[in-house]
Amino acid sequence: MNVQDVLAAQVKEAVSNIFNVTLETVEFQPTRKDFEGDITLVTFPMLRQIKTSPVKLGEAIGDYLVAHNQEIEKFNVVQGFLNIVLADAYYLNFFGKVKDDPDFGKASVGEESIMVEYSSPNTNKPLHLGHIRNNLLGYSVSEILKASGKKVYKTQIINDRGIHICKSMLAWQRFGNDETPESTGLKGDKLVGNYYVKFDKAYKEEVSYLQAQGKTEDEAKAEAPILKDAQEMLRKWEAGDAEVVELWKTMNQWVYDGFEETYAKLGVDFDKNYYESNTYLLGKNVVAEGLEKDIFYRKDDGSVWIDLTDEGLDEKIVLRSDGTAVYMTQDIGTAIQRVKDYHINGMVYTVGNEQDYHFKVLFLILKKLGYEWAENLYHLSYGMVDLPSGKMKSREGTVVDADDLIEEMTATAKNISEELGKLDGYSEAEKEELYRIIGLGALKYYILKVDPRKRILFNPEESVDFQGNTGPFIQYTYARIQSILRKAEFDYSNPIFEYSLNEKEKQLIKQLQLYPETVQLAAENHSPALIANYTYELVKEFNSFYQNVTILGTEDETEKNFRVQLSKAVGDVIKSSFALLGIQVPERM
RNA sequence: GGUCGCGUAGCUCAGUUGGAUAGAGCAUCUGCCUUCUAAGCAGACGGUCAGAGGUUCGAAUCCUCUCGCGAUCACCA
């Protein structure tokens, strides 16, 4: 039971004793910094039930609380706000309990398990900045959900089939000269991506040639021989043609290897991969089932639909007239498959907001089909990452490549670090590792601190900041704390219960106190931004403490011990909360 | 056109069951390194919370309308 609950009960008791009124709700909020106090009772809502002035009411409740609760030191009333000052003992008691708890902030693991899907790339395009946002969000939300007490499985579905794959394969056959990642030194995803571009170029040439021959644009686009060949290749793939399947496997493997490299650099991982080549047939039997239950209906041409007009949506196709699956069919089938595979009771889909409508429909269909877990589906929808020039378009070469960006961030971190020159005694390897941690920290924090729903405008000209509300700022504070701990060569492990807190110390403990509820809130809202902002506040508070009080230099032993303990606890929380964002913290920088 | 999302300082963003004088960072300007890491601290400057109504003791937050930006409305994925 936290203070707020205790106080709420006592406030009700007070009002009942003094005014003979039973309160329904008691509303608290943290006291604003401009006023003295730790927690504030808002008395306005009570005035409906109690006929008196807000000030008199506040005074009366305040007097009662001070008389009946030892942890309350004093109070003051401003307008309808009763500001309560808690005794140091209360804070010391809390701090003593959590300072060495390695799981502080995290809930114990419960029954609920959930699958988080993210990344889900195409195999013909290298990962870009948009994927980075997706990956960081998906990974971080997974970690946050784990910390909130859920069992989490991370997954990606790899789009490894369809005409687009055949385009890259065909171009490689035609123009590839048996190039491989080994022979060229290119990452596999980049190599295959290049052939996708080559296909597009050849295709466009053929189209303009045909148009010059007098064909209309539509005719030319449909009749270009290279496209026909790609379609033929898809037919062969679907028929299981040995040669085509072999090439498909080889080239896909190149891409997977390339992706793995990028994932490893980014620090994200998956518990399970699903491949569309395995799942694209799923869902058809469910459509049959839905037809029987009259959830779906068949049109004259044989196609199957669901009518969602009652829900304010449209009609949506779930099976083509030729009996083949559409995207929706596959997603229905895959969802059901995942529940079978992992016995999960919910799912999170990390997919851009251009698919808001699709997921609305998907979830609705699954609910109508009667799956109880359909209530626990969440579309983690996020805004696009735009460049100053507008949308990223791979065909126009205006994409920010994921590998390049990571490289650039690392290089910037290196420049700054070398300029500051604080790394004497570090080996080259240690330095490189540190630059990577800082560069990635800057990038990840920059992206995760923003509310997922909002669009991000990314300007490659103005590189990501390393000062102010940034990843490196927070990492720096952590490194500072570690420096203090290295120098604190004495035993500071004993809890302290007799101590007079100064304002900075008290603020810090208050901020630490907020960590567990922040984790829960971030989990409920699927929002890493809440964790990022919390950590920033904590770090700002610590830096102010650090610059305004002496830690190791004080005469008073208790004071010195307490301040070291406090610094350590803050460092632990920084490390813990940054882990939820997928960001590492350095011992020095 | 229908639906959904967004609009807060010059720029990037916080502001979560409606609470006190709307907060940070960047940029600009002042101070602070012979004491624990100055990627820091202390301060100044900067606001019609897109606009108009409404609900409320109280609105950036809830409701309605208007404007602006974006997404979406395929037998594509």
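It should be emphasised that the depicted structure is a prediction, and the values quoted were computed from it without experimental measurement. Chain A is the first sequence line, chain B the second, and so forth, proteins listed ahead of strands; every chain is numbered from 1.
- Taking a centre distance below 5.5 Å and an interplanar angle below 30 degrees as the stacking criterion, A/Phe35 stacks against the six-membered base ring of B/A20.
- Closest to the side chain of A/Gln467, out of B/C73, B/G40, B/G19, is B/G40.
- Under a cut-off of 6.0 angstrom, the local environment of NZ in A/Lys575 is sparse, with at most 12 non-hydrogen atoms contributed by other residues, nucleotides or ligands.
- Taking atom P in both B/A77 and B/C73, one finds a spacing of 13 Å when rounded to whole Å.
- Nucleic acid contact for A/Val77: none, since no nucleic acid atom lies under 4.0 Å from a heavy atom of the residue.
- Within the nucleic acid shown, A/Leu319 has no heavy atom closer than 4.0 Å to any nucleic acid atom.
- When heavy atoms are screened at a 4.0 angstrom cut-off, A/Asp451 is found touching the sugar-phosphate backbone but no base atom.
- Listed nucleotides: B/A39, B/G19, B/U37. Nearest to the side chain of A/Met589: B/A39.
- Within 4.0 Å of A/Glu27, counting heavy atoms only, lies at least one base atom of the nucleic acid.
- Taking atom P on both B/C4 and B/C41, the two are 43 Å apart, rounded to the nearest angstrom.
- For A/Arg32, a side-chain nitrogen or oxygen approaches OP1 or OP2 of B/G23 to under 4.0 Å.
- For A/Lys454 and B/A14, the shortest distance from a side-chain N or O to OP1 or OP2 is below 4.0 Å.
- We find that NZ of A/Lys51 is positioned 12 Å from C1' of B/C57, with the value rounded to whole Å.
- Across all strands, A/Gln520 comes closer than 4.0 Å to no nucleic acid atom at all (heavy-atom distances).
- Nearest nucleotide to the A/Asn525 side chain, out of B/A38, B/A42, B/U16: B/U16.
- The CG atom of A/Asn533 sits 12 Å away from the C1' atom of B/U12 (whole-angstrom rounding).
- Applying the 90° criterion around 0 to the glycosidic angle, B/C73 comes out anti.
- Straight-line distance from the OH atom of A/Tyr536 to the C1' atom of B/A39: 13 Å, rounded to whole Å.
- Counting only Watson-Crick and G-U wobble pairs whose two key distances fall under 3.5 Å, RNA chain B forms stems of three or more stacked pairs at B:1-7 with B:67-73, B:10-13 with B:23-26, B:28-32 with B:40-44, B:50-54 with B:62-66.
- Residue A/Leu308 holds its CG atom at 9.5 Å from NZ of A/Lys316, rounded to the nearest 0.5 Å.
- Heavy atoms of A/Pro45 sit under 4.0 angstrom from at least one base atom.
- Residue A/Leu47 is classed as having no contact, given no heavy-atom separation below 4.0 Å to the nucleic acid.
- For the pair A/Glu117 and A/Arg338, the salt-bridge criterion is met [side-chain N within less than 4.0 Å of a carboxylate O].
- Side chain of A/Thr550, nearest nucleotide from B/A71, B/A39, B/C36: B/C36.
- Spacing of P atoms, B/C69 relative to B/U8, comes out at 14 Å, to the nearest Å.
- Spacing between B/U61 and B/G18 at atom C1', rounded to whole Å, works out to 6 Å.
- With C1' as the reference atom, B/U12 and B/G58 are 31 Å apart, rounded to whole Å.
- Nearer the 5' end of RNA chain B, as judged by each residue's closest nucleotide, is the contact made by A/Leu313, out of A/Leu313 and A/Ala529.
- Residue A/Gln79 is out of contact with every strand shown, counting any heavy-atom pair closer than 4.0 Å.
- In this structure, A/Phe44 forms an aromatic stack with the base of B/G19, since both conditions hold: centre separation below 5.5 Å and plane angle below 30°.
- For A/Tyr297 and A/Glu315, the side-chain atoms include at least one donor-acceptor pair closer than 3.5 Å.
- In this model, the phosphate group of B/A24 is not approached by any side-chain N or O of A/Lys449 to a distance below 4.0 Å at OP1 or OP2.
- In this pair, A/Phe473 does not lay its aromatic ring on the base of B/A39; centres under 5.5 Å and planes under 30 degrees do not both hold.
- The shortest distance between the side-chain N/O atoms of A/Arg455 and the OP1/OP2 oxygens of B/G70 is not below 4.0 Å.
- Residue A/Tyr476 has a polar side-chain atom (N or O) positioned under 4.0 Å from OP1 or OP2 of B/A39.
- Atom P of B/A9 sits at a distance of 25 Å from the matching atom of B/G54, rounded to the whole Å.
- Under 4.0 Å is where a charged nitrogen must lie from a carboxylate oxygen, and between A/Lys221 and A/Glu217 at least one such pair does.
- Relative to the ring axis of A/Tyr382, A/Arg133 does not place its NZ or CZ within 45° and under 6.0 Å from the centre.
- A donor-acceptor contact under 3.5 Å is formed by the side chain of A/Asn83 with the base of B/A20.
- Residue contacts for A/Ser417: at a heavy-atom cut-off of 4.0 Å it reaches a base atom on one of the strands shown.
- Heavy-atom neighbours of A/Lys506 NZ from other residues, nucleotides or ligands within 6.0 Å: above the threshold of 12.
- In this structure, OH of A/Tyr196 is placed 13 Å from P of B/A77, rounded to the nearest angstrom.
- Contact annotation: A/Arg320 side-chain N/O to B/A77 OP1/OP2 distance is under 4.0 Å.
- A/Lys422 comes within 4.0 angstrom of a nucleotide base, judged by non-hydrogen atoms across all strands.
- Using a 4.0 Å heavy-atom distance criterion, A/Gln355 is classed as a base contact.
- Under 3.5 Å, the side chains of A/Tyr327 and A/Gln355 contain a donor-acceptor pair of N or O atoms.
- Between A/Glu557 and A/Lys560 a salt bridge is recorded (basic side-chain N to carboxylate O distance below 4.0 Å).
- When the nucleotides B/C36, B/C73, B/A39 are ranked by their closest atom to the side chain of A/Ile438, B/A39 comes out on top.
- Within the 4.0 Å cut-off from OP1 or OP2 of B/A71, not a single side-chain nitrogen or oxygen of A/Arg453 is found.
- Comparing B/C41, B/A20, B/U16 by their closest approach to the side chain of A/Asn548 singles out B/C41.
- Remark: the A/Ser544 side chain and the B/A42 base include no donor-acceptor N/O pair separated by less than 3.5 Å.
- When the nucleotides B/U16, B/U37, B/A42 are ranked by their closest atom to the side chain of A/Lys504, B/A42 comes out on top.
- Among A/Tyr536, A/Tyr446, A/Tyr445, the single residue meeting the side-chain hydrogen bond (donor to acceptor under 3.5 Å, both in side chains) criterion with A/Asn469 is A/Tyr445.
- Nucleotides B/G46 and B/U30, compared at atom C1', are 16 Å apart to the nearest Å.
- In this structure, the nucleotide among B/A14, B/U37, B/G15 sitting nearest to the side chain of A/Ile484 is B/U37.
- In this model, a side-chain donor or acceptor of A/Thr40 finds a partner on the base of B/A20 within 3.5 Å.
- Which of B/G25, B/U12, B/A77 sits closest to the side chain of A/His358 comes down to B/A77.
- The base of B/U72 lies outside donor-acceptor range of the side chain of A/Asp356, with no N or O pair under 3.5 Å.
- By the 4.0 Å N-to-carboxylate-O rule, A/Lys414 lies close enough to A/Glu432 to be salt-bridged with it.
- With salt bridges taken as basic N to acidic carboxylate O contacts below 4.0 Å, none links A/Asp322 and A/Arg320.
- Between the C1' atoms of B/G23 and B/C49, the separation comes to 12 Å (whole Å).
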